[in-house]
Amino acid sequence: MTTQTSQPLQPNENEQSDVHDNQIVAERRAKLSTLRQTGIAFPNDFARLHLSGELHSEYSEKTAEELEALAIQVSVAGRMMLKRVMGKASFATIQDMNGRIQLFISNNDTGEAPHAAFKHYDLGDILGASGVLFKTKTGELSVRVTSLRLLTKSLRPLPEKFHGLTDQEQKYRQRYIDLITNEETRKTFITRSKVIQAIREFFLRHDYLEVETPMLHPIPGGASAKPFVTHHNALDMEMFLRIAPELYLKRLVVGGFEKVFEINRNFRNEGLSTRHNPEFTMIEFYEAYRDYKYLMDFTENLFREVARKVLGTTVISYQGKELDLGQPFHRLTINQAIQKYHPQFSDEQLNDREFLLSELQDLKAKHKPDDGLGGLQLSLFEELSEHLLFEPTFIVDYPVEVSPLARASDSRPGITERFELFIVGREIANGFSELNDPEDQEARFDAQVAAKDAGDEEAMFKDNDYIRALEHGLPPTAGEGIGIDRLVMLLTDAASIRDVILFPHMRPGA
RNA sequence: GGGACGUUAGCUCAGCCGGUAGAGCAGCGGACUUUUAAUCCGUUGGUCGCCAGUUCGAAUCUGGCACGUCCUACCA
């Protein structure tokens, strides 16, 4: 076979493309050109009948003699990851959706021409092979190929076969290469899929209804965050990508869907980090006639079930440290959580506004000097204790001023029936008994609007239709949101949120 | 946003005190019928992230810019 071309390959003149052909790509294009001239270059009539994983699980226990006697005919296909040519015989390893299998190609079995053609196939090419299962003398289950076809020519070289792709940026930007090359990456995203499936099963089994609510909101609501702004042409109006589905889901509870959940994306116009992607996946769920204490038990059960189904155990190792989701989750008030790691603070001090203010100033901790007692306690907690809550811990007694949608305690004014769940020092869930008093809700919205007018970019908008819905009557309800990406990070031991999002957002370029 | 570090062949990486570029893998040519990161022989391949500056001379030193990684800040 000749690899010469009569004319030099033209460089890609498309300015949109930053990809130009190097020598390797040019050689592969020449091979493709030959394929086009001699037949169908991208055939789609190969019948793949067997997957590598199934073959291994069914036949790896068989001896060489047993396989010989069975003479099992198979058709496999996949991407060629390894290639070893030895004159009149060759080995190749192909990879399909559930593993790898070795092919043995020899002049004896295929004839000379197909084997000669194979020698010019490149790593990364997608092959279809038919033949008989056998075991090599080292005991590896393989296919003795009688017919071999190149199904898709790969024009670009794969990363080095041993080290694979290690450059983090390229792993994120060209995830397809990462997935081809790195088993760990494939496993992470399979786990992510299983986590979401296990969560969905848990809610369906508890008679929840899965719903979809708008991603385009005329008024962003349900969380304190900066929204993405967009524009609807036909209506000529500003719209916002949703920051949370909360207000729509509670409208559904008003409508009589007493147990609802939604698993979908939220968008927040914030910075990128190892813990933040501008779009992230949350489950939010609402159940009528329940309160926040019920939710805490429910959440523990959910996390345990997901871990058992996905990992087969509740004991997980995160960045070198172990924790057991099977143990009862800790429950602490904000003040107890401060004192747990800083016992020098007395109850009196933690309830002394002036003391808290001076302490926060000394620590150079972020806080709002106009906050009430509860807000300052929360700021101190976030500064001193939050990152230390490695084992699952529910923090309760959030102040009203930072919880505009949560029901206030009947016995303790200023405190809401709310919790946040922290694991490995990260907030992973947020739940509360819902505020269903429309007049109280309206007053809370008005306070948010006042804060927004005073410059708080993350303060909420007033949603009059939501008030109207509450005026029809929201039954006593409990609701919660769980950050799916962070849960998956926990269960896959991922250090960065980018490792659990297939296509994390990156600055354009490179 | 702030700090530290990084960017050299398609990939993984060397490159010292400044003298104009190296290895392995991949590719190409050759040998080889049970290899498995196959092996052996030969060989092609580079805008050293970009732009300035210093210098007789810069991958190397200086400044700026771009992008990334990690830490940090906000959040879920």
Side-chain angles (χ1 to χ4, degrees), chain A residues 1 3-4 19-28 30-31 64 81-93 100-109 115 119-120 122-124 134-140 142 144 154-174 177 181 222-226 243-244 265-284 364-366 382-383 386-387 420-422 426-431 457-458 480-487 489 495-498 506-510:
Chain A
M1 179 194 288
T3 56
Q4 284 181 340
V19 187
H20 53 272
D21 287 0
N22 60 34
Q23 182 193 353
I24 292 174
V25 175
E27 275 163 3
R28 290 188 178 206
K31 290 179 184 177
M81 303 304 291
L82 294 169
K83 180 187 178 191
R84 296 176 287 278
V85 176
M86 299 167 304
K88 299 190 179 62
S90 300
F91 287 94
T93 301
R100 291 180 172 197
I101 189 140
Q102 180 169 265
L103 308 180
F104 177 72
I105 305 118
S106 77
N107 286 359
N108 284 356
D109 301 310
H115 186 220
K119 291 179 185 175
H120 293 284
D122 292 297
L123 293 184
F134 78 111
K135 275 200 171 171
T136 64
K137 70 180 184 190
T138 53
E140 176 161 353
S142 308
R144 187 186 304 276
S154 163
L155 296 177
R156 295 189 172 276
L158 287 174
E160 198 234 2
K161 63 190 173 190
F162 185 60
H163 295 94
L165 187 66
T166 61
D167 182 73
Q168 282 298 332
E169 177 182 359
Q170 223 179 325
K171 281 162 68 78
Y172 299 146
R173 289 189 193 270
Q174 289 167 256
I177 301 176
T181 320
S224 299
K226 278 179 264 179
I243 54 174
R265 228 66 66 79
N266 291 341
F267 305 85
R268 299 191 183 174
N269 211 336
E270 293 159 358
L272 306 164
S273 81
T274 49
R275 262 145 269 156
H276 298 86
N277 196 58
E279 53 182 304
F280 63 98
T281 302
M282 283 236 309
I283 176 169
E284 279 203 16
K364 292 176 182 153
K366 184 167 180 174
E382 287 170 351
E383 176 69 19
E386 182 176 317
H387 62 284
E420 290 196 352
L421 172 60
F422 294 87
R426 261 177 229 151
E427 185 189 340
I428 206 157
N430 175 23
E457 280 188 279
E458 295 189 348
E480 180 174 342
I482 300 171
I484 300 284
D485 310 277
R486 289 186 182 172
L487 177 58
M489 285 171 74
S496 169
I497 197 167
R498 293 187 186 120
M506 308 278 282
R507 204 178 292 268

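In the text below, chain A, chain B and the rest are named by the order of the sequence lines, each starting its count at 1. The basis for the numbers below is simple: all heavy atoms, side chains too, and nothing from hydrogens, waters or symmetry mates.
- Nucleotides B/U44 and B/G10 place their C1' atoms 14 Å apart, quoted to the nearest Å.
- Among B/A38, B/A76, B/U12, the nucleotide with an atom closest to any side-chain atom of A/M86 is B/A38.
- Among the heavy atoms of the strands lying under 4.0 Å from A/N108 is at least one base atom, whether or not backbone atoms are also near.
- Base pairing of B/A23: its partner is B/U12, meeting the Watson-Crick or G-U wobble criterion (both donor-acceptor distances under 3.5 Å).
- Residue contacts shown for A/F267 are absent, as no nucleic acid heavy atom lies under 4.0 Å away.
- Rounded to whole Å, the separation between the C1' atoms of B/C16 and B/A31 comes to 40 Å.
- Here the side chain of A/A89 is nearest to one of B/U34, B/G68, B/U33, namely B/U33.
- Residue A/S496 is the one, among A/E270 and A/S496, whose nearest nucleotide of RNA chain B lies closer to the 5' end (criterion: closest heavy atom).
- With both ends at atom P, the span from B/U43 to B/G24 equals 11 Å, rounded to whole Å.
- The shortest distance between side-chain heavy atoms of A/R84 and A/Q102 falls below 4.5 Å.
- Nearest nucleotide to the A/Q23 side chain, out of B/C75, B/U12, B/U44: B/U44.
- Nearest heavy-atom pair, A/A225 versus A/E270, reported as atom, atom and distance to 0.1 Å: CB-OE2, 3.8 Å.
- Considering only heavy atoms from C-beta on, A/P278 comes within 4.5 Å of A/L272 through its side chain.
- Across B/G49 and B/A58, the matching P atoms stand 15 Å from one another, rounded to whole Å.
- Residues A/R28 and A/S154 meet the side-chain proximity criterion, which asks for heavy atoms closer than 4.5 Å.
- The distance between atom CG of A/L272 and atom P of B/C67, rounded to the nearest whole Å, is 12 Å.
- Atom NZ in A/K119 sits roughly 17 Å away from atom C1' in B/G27 (whole-Å rounding).
- By the 4.5 Å heavy-atom criterion applied to side chains, A/S224 and A/I243 are not counted as neighbours.
- Scanning all heavy atoms of the two residues, the minimum distance from A/R265 to A/E279 falls at NH1-OE1, 2.7 Å.
- Looking at heavy-atom distances under 4.0 Å, A/S273 makes contact with a base.
- Taking 3.5 Å as the limit, the base of B/C74 and the side chain of A/H276 contain a donor-acceptor pair of atoms between them.
- Among the heavy atoms of the strands lying under 4.0 Å from A/D167 are primed sugar atoms or P, OP1, OP2 only; no base atom is included.
- Of the nucleotides present, B/G68 is the one that pairs with B/C5 by Watson-Crick or G-U wobble criteria, both distances under 3.5 Å.
- Checking B/G27, B/C11, B/G29 against every side-chain atom of A/P159, the shortest atom distance belongs to B/C11.
- Heavy atoms of A/Q170 sit under 4.0 angstrom from primed sugar atoms or phosphate atoms, though from no base atom.
- Residues A/H276 and A/I497 have side chains not in contact (no heavy-atom distance under 4.5 Å, counting atoms from C-beta outward).
- Taking the side chain of A/R84 as heavy atoms from C-beta on, and the options B/A38, B/A37, B/A26, the nearest nucleotide is B/A38.
- We find that CZ of A/R173 is positioned 13 Å from C1' of B/G49, with the value rounded to whole Å.
- Pairing of B/C17, defined by two Watson-Crick or G-U wobble distances under 3.5 Å, is not identified with any nucleotide.
- Nearest to the side chain of A/Y172, among B/U69, B/C25, B/G27, sits B/U69.
- Put simply, A/R507 has a side-chain N or O that comes within less than 4.0 Å of OP1 or OP2 on B/G68.
- Taking atom P on both nucleotides, B/C17 is separated from B/C70 by 30 Å, rounded to a whole Å.
- B/U62 is paired with B/A52 under the Watson-Crick or G-U wobble criterion, all donor-acceptor distances under 3.5 Å.
- Atom-to-atom, CD1 of A/I105 to P of B/A38 comes out at 13 Å; the value is rounded to the nearest Å.
- As judged by a 4.0 angstrom heavy-atom cut-off over every strand, A/I428 is placed among residues touching the sugar-phosphate backbone only.
- In terms of polar N and O atoms assigned as donor or acceptor, the side chain of A/R486 comes within less than 3.5 Å of the base of B/C75 in a complementary pairing.
- For the C1' atoms, the distance linking B/C11 with B/G45 amounts to 14 Å, nearest Å.
- Pairing for B/U33 is absent, judged as Watson-Crick or G-U wobble with the two contacts each under 3.5 Å.
- Taking only side-chain atoms of A/L165, from C-beta outward, the nucleotide of B/C71, B/U12, B/G68 with the closest atom is B/U12.
- Within the 4.5 Å cutoff, the side chain of A/F280 has heavy atoms near those of the A/R268 side chain.
- In the set B/G27, B/U12, B/C75, B/C75 carries the atom at the smallest distance from any side-chain atom of A/R268.
- Stacking between A/F280 and B/A76 is present: the aromatic ring centre lies within less than 5.5 angstrom of the base six-membered ring centre, and the two planes differ by under 30 degrees.
- Across all strands shown, B/C28 forms a Watson-Crick or G-U wobble pair, both distances under 3.5 Å, with B/G42.
- For B/C32, the base adopts the anti conformation, since its glycosidic angle falls more than 90 degrees from zero.
- The distance between atom NE2 of A/H387 and atom C1' of B/C74, rounded to the nearest whole Å, is 16 Å.
- Within the nucleic acid shown, A/R265 has no heavy atom closer than 4.0 Å to any nucleic acid atom.
- The base of B/U7 lies outside donor-acceptor range of the side chain of A/E169, with no N or O pair under 3.5 Å.
- Contact annotation: the side chain of A/M489 approaches that of A/R426 to within less than 4.5 Å [non-hydrogen atoms, C-beta and beyond].
- What separates NE2 of A/H163 from P of B/G10 is a distance of 18 Å, to the nearest Å.
- Residue A/T136 is classed as a base contact, given a heavy-atom separation below 4.0 Å to a base.
- The CE-P distance, from A/M81 to B/U35, rounds to 22 Å in whole Å.
- Among the heavy atoms of the strands lying under 4.0 Å from A/N277 is at least one base atom, whether or not backbone atoms are also near.
- With rounding to whole Å, A/I497 atom CD1 is found 17 Å from B/C71 atom C1'.
- Remark: B/U47 base-pairs with no nucleotide in the shown strands. Criterion, Watson-Crick or G-U wobble with two distances under 3.5 Å.
- Counting only heavy atoms from C-beta on, A/L82 has its side chain closest to B/A38 among B/C28, B/C74, B/A38.
- Here A/K161 lies in heavy-atom contact (under 4.0 Å) with sugar-phosphate atoms only.
- Between A/R486 and A/R275 there is a side-chain heavy-atom pair separated by less than 4.5 Å.
- Checking the phosphate oxygens (OP1, OP2) of B/C28, a side-chain nitrogen or oxygen of A/K31 falls inside 4.0 Å.
- Of the listed nucleotides (B/U12, B/G29, B/U35), B/U35 has the atom at the smallest distance from the side chain of A/E140.
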